[in-house]
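Below: one structure, written as structure tokens.
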Amino acid sequence: MFYSENKKQYSVLNRRSFVLYLLKLSLFSVVGWRLYNIQIKDSEKYTTLSNNNQIDIEILYPLRGEIKDIQNNTLATNKKVYDIYIIPENTKNINKTLNQISNIIKIDFPKKRKIIELSKKVKKFEKIKIFENIDWDDLEKIESNKLNIEGIFISQDYMRVYNYGNIFSHILGYTNKPNQNEISLPFIANMPDLDIGKEGLERNFNPVLVGKSGQREIEVNSSGRIIREISRKDSVQGKDLQITLDLRLQEYALNLLNSHRAGSIVVMNIENGHVLCAASTPSYDPNKIIKKPNREYWDTILENKLSPLTFRSIQGLYAPGSTFKMIVAIAALYYGGINTETKHFCNGKVALGERLYHCWKTNGHGSMNVEQAIKESCDVFFYEISKKIGIDKIAKVAKDFGLGKIYNIPLNNQKLGIIPSKEWKKSKLGESWYPGETLISAIGQGFVLANPLQLANMTAIIASNGNTIEPKIINDNIRTKFNNLKKYKDSIKIIKNSMFKVVNETKGTAFKSKSDEIIFSGKTGTSQVRRITVAERESEDFRKREIEWNKRDHALFVGYMPHDKPKYSISVVIEHGGSGASTAAPIAKQVFQFINKIKI
């Protein structure tokens with residue numbers, strides 16, 4: 001009886017234990033399966049999703065597009081460079097690390113102190129830049145000692161490089177970090193440390209050259225260390241840019257200008273408007289502006305009174321002097337003020353009211369027609385014809401030939417210049433126009449101002465028999481069809497004959513620059529920068545006297561070649577170069593001969 005009851009109780013207990021065992025087993029199976037899924041099967045998923053702060057987005061900066069010349073020479077490119085960082089969490093003693101680095105590359109005390117202070121504020125495992133764009137020798141020294149220096153990190157980057165230094169500096173410009181106003185520009189987007197163009201084509205073609213950023217998602221642990229890369233979208237390199245200028249010609253022209261303190265040479269292709277050369281001195285080296293530290297180099301630029309940052313080819317304004325006489329002659333021929341038979345006698349001066357207006361040739365040129373007056377650059381002839389046609393008609397023709405306008409080229413701060421008229425003076429100065437101002441304007445002095453590109457383009461329009469050429473500096477492979485100033489056709493023919501005589505006949509002001517290799521045409525100009533007294537004019541040797549550089553006249557020459565089938569136009573301006581005939585014309589001759597030699 002007792003045994004039977006015990007057996008019954010034991011059976012019940014066994015059944016309960018078994019059920020409990022099954023329940024425990026089921027529970028552990030569920031938990032185990034869940035743990036398996038979390039820790040093994042889906043471990044990556046849950047590790048990634050466990051904490052959003054552990055997923056970082058790293059921006060991948062694009063490589064900037066290159067800039068090439070018309071011959072495909074690379075003018076602006078990118079070079080691998082290396083930056084040195086320190087990671088405070090990876091060094092036991094940041095001061096010791098900085099001292100070790102300083103033994104290799106000098107770190108001054110203020111910079112060292114700034115890094116130490118910054119190390120107390122940065123996030124965990126955030127890098128602090130110590131040096132950027134270090135040269136190869138310093139990199140080798142750092143690399144060879146890297147194992148002994150705690151917390152050091154070397155990063156590869158790219159730096160803009162201008163392969164030909166100052167030769168294209170005014171045209172290309174340079175790059176640098178964006179300022180506060182630029183940081184929100186659309187093409188920068190989420191790349192605050194992106195180097196962007198600051199001047200020249202680098203600036204105006206930023207959206208094209210920059211490219212598009214990429215990004216990668218990275219997983220970091222609670223200490224800030226990178227665990228792995230989750231996803232990646234590579235950046236897209238910026239597009240290349242090809243300009244119309246020719247490296248060979250630009251370099252040659254700049255070398256010619258380097259023997260003078262300041263000036264400009266512009267060469268255009270008359271057939272398509274391509275600017276083949278736009279040399280300006282003094283210039284600067286954009287590589288030295290980019291390289292840090294650059295304070296000392298900037299100081300030399302800013303302290304230079306000749307302003308190396310000024311792109312004289314489009315920003316320099318000069319009285320065109322006698323190169324403007326061609327415009328006055330076209331106006332007089334077109335409006336009927338003169339014809340080829342019209343003559344005026346030059347005795348060295350002409351009176352208007354109580355004032356005398358002098359010719360550059362003290363004793364005068366004698367009887368002159370229009371072709372002779374351009375050939376020998378007789379001022380009196382142009383004084384006389386300007387009285388007949390007036391300033392407003394001269395201004396109208398000047399603008400038809402590209403003066404007094406801003407061209408559609410992607411370069412900032414082009415100077416408009418001044419083509420005066422009665423209306424212009426009234427609106428700008430609130431004064432009436434005086435007859436004597438017409439005479440002064442007729443020889444390219446007074447209010448008249450133009451930049452070298454305008455003068456080269458004016459000459460191209462004349463050489464092309466009136467095609468309204470527009471300068472281009474970007475090679476877009478689009479053939480532009482120019483309109484033609486047909487109404488000036490007959491007048492232009494007379495002017496071209498006159499320009500031929502200037503260079504190729506005796507008594508022509510540029511006859512000494514006649515070339516045996518090529519036949520070119522042109523016009524000299526001498527632009528006064530100071531008032532010449534009557535006493536000086538009456539002194540036969542006043543033009544031969546040595547005077548201070550900045551008081552000398554500007555020397556100018558405009559021309560084209562070949563004479564029979566014009567393809568290239570040129571303007572040469574030498575600041576305070578004296579006579580256009582003795583200084584600017586010989587330079588134009590050398591440039592034309594070089595073009596003929598290299599067969600552009």
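Distance alone, capped at 3.5 Å, is enough to place a donor-acceptor pair between the Thr244 side chain and the Val275 backbone. No donor-acceptor pair under 3.5 Å is formed between the side chain of His274 and the backbone N or O of Ile243. Within the 3.5 Å criterion, the main-chain N or O of Asp69 finds a donor-acceptor partner in the side chain of Gln242. Checking side-chain atoms of Ser569 against main-chain N and O of Ala456 turns up a donor-acceptor pair under 3.5 Å. In this structure, Glu202 contributes its side chain and Glu199 its backbone to no donor-acceptor pair below 3.5 Å. A donor-acceptor pair is defined here as one N or O able to donate and one able to accept, closer than 3.5 Å; no such pair exists between the side chain of Gln71 and the backbone of Leu247. Of the possible donor and acceptor atoms, one in the side chain of Ser119 sits under 3.5 Å from a partner among the backbone N and O of Ile116. A donor-acceptor pair is defined here as one N or O able to donate and one able to accept, closer than 3.5 Å; such a pair exists between the side chain of Tyr297 and the backbone of Asp285. Remark: the backbone N or O of Lys111 is paired with a side-chain donor or acceptor of Asp108 at under 3.5 angstrom. In terms of modelled atom types and a separation under 3.5 Å, the side chain of Gln250 and the main chain of Ile167 share a donor-acceptor contact.
Using a 4.5 Å cut-off on side-chain heavy atoms (C-beta onward), Gln590 and Tyr252 make contact. Here the side chains of Asn206 and Leu185 are not in contact, with every heavy-atom distance at 4.5 Å or above. In this structure, the side chains of Ile570 and Val267 come closer than 4.5 Å at one or more pairs of heavy atoms. Met159 places none of its side-chain heavy atoms less than 4.5 Å from the side chain of Asp195. Residues Glu132 and Asp157 form no side-chain contact, since every pair of their non-hydrogen atoms from C-beta on lies 4.5 Å or further apart. Considering only heavy atoms from C-beta on, Asn304 stays 4.5 Å or farther from Tyr284 through its side chain. Using a 4.5 Å heavy-atom cutoff, the side chains of Ile461 and Asn467 are not in contact. Between Phe205 and Ile67 there is no side-chain heavy-atom pair separated by less than 4.5 Å.
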CA sep, side-chain torsions, deciding dist, call: Leu172, Tyr164, side chain to side chain contact (heavy atoms under 4.5 Å, CB included): CA-CA 11 Å; Leu172 302 184; Tyr164 300 95; over 6 Å; no
Side chain to side chain contact (heavy atoms under 4.5 Å, CB included) evaluation trace for Tyr318 with Leu455: CA-CA 10 Å; Tyr318 308 91; Leu455 294 175; 6.0 Å; no
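Residue Glu117 is tested with Lys114, Lys120, Arg113 for a salt bridge (charged side-chain N to carboxylate O under 4.0 Å, His left out); the sole match is Lys120.
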Side-chain atoms of residues 398-410: list all donor-acceptor pairs with protein atoms under 3.5 Å, sequence neighbours left out, distances to 0.1 Å.
unit_1, atom_1, unit_2, atom_2, d
Asp400, OD1, Lys396, NZ, 3.3
Asp400, OD2, Lys396, NZ, 2.9
Asp400, OD2, Tyr488, OH, 2.6
Lys405, NZ, Glu470, OE2, 2.9
Tyr407, OH, Gly402, O, 2.5
Tyr407, OH, Asn457, ND2, 3.3

Cut-off 3.5 Å, no hydrogens considered: what does the side-chain donor-acceptor table look like for residues 74-81, sequence neighbours left out?
unit_1, atom_1, unit_2, atom_2, d
Thr74, OG1, Lys68, NZ, 3.1
Thr77, OG1, Glu66, OE2, 2.5
Asn78, OD1, Arg160, NH1, 3.2
Asn78, ND2, Arg64, O, 2.7

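No side-chain donor-acceptor contact under 3.5 Å links Asn95 and Lys112. A side-chain N or O of Glu217 and one of Ser231 form a donor-acceptor pair less than 3.5 Å apart.
Annotation: Lys597, atom NZ; neighbour count of heavy atoms from other residues, nucleotides and ligands within 6.0 Å does not exceed 12. Environment of CD in Gln156: crowded, with over 12 heavy atoms of neighbouring residues, nucleotides or ligands closer than 6.0 Å. Within a 6.0 Å radius of NZ in Lys425, other residues, nucleotides and ligands contribute more than 12 heavy atoms.
In this structure, OH on Tyr162 lies 13.0 Å from CZ on Phe168, to the nearest 0.5 angstrom. One distance of note links CD1 of Ile473 with CD1 of Ile171; it measures 7.0 Å at 0.5 Å rounding. The NZ atom of Lys415 lies 13.5 Å from the CZ atom of Phe311; values are rounded to the nearest 0.5 Å. Interatomic distance, CD1 of Ile134 versus CG of Leu139, reported as 4.5 Å (0.5 Å rounding). Here OG of Ser313 is found 8.5 Å from CG of Asn451. Values are rounded to the nearest 0.5 Å. The distance from the CZ atom of Phe109 to the CG atom of Leu98 is 11.5 Å, given to the nearest 0.5 Å.
Considering every non-hydrogen atom in both Ala319 and Gln445, the closest pair reads CB-NE2, 4.0 Å. Pairing each heavy atom of Ser464 with each of Ile270, the nearest pair is CB-CG2, 3.7 Å.
Look at Asp137 and Lys141 and you find no salt bridge, because none of the NZ, NE, NH1 or NH2 atoms lies under 4.0 Å from a carboxylate O. Between Arg232 and Asp234 a salt bridge is recorded (basic side-chain N to carboxylate O distance below 4.0 Å).
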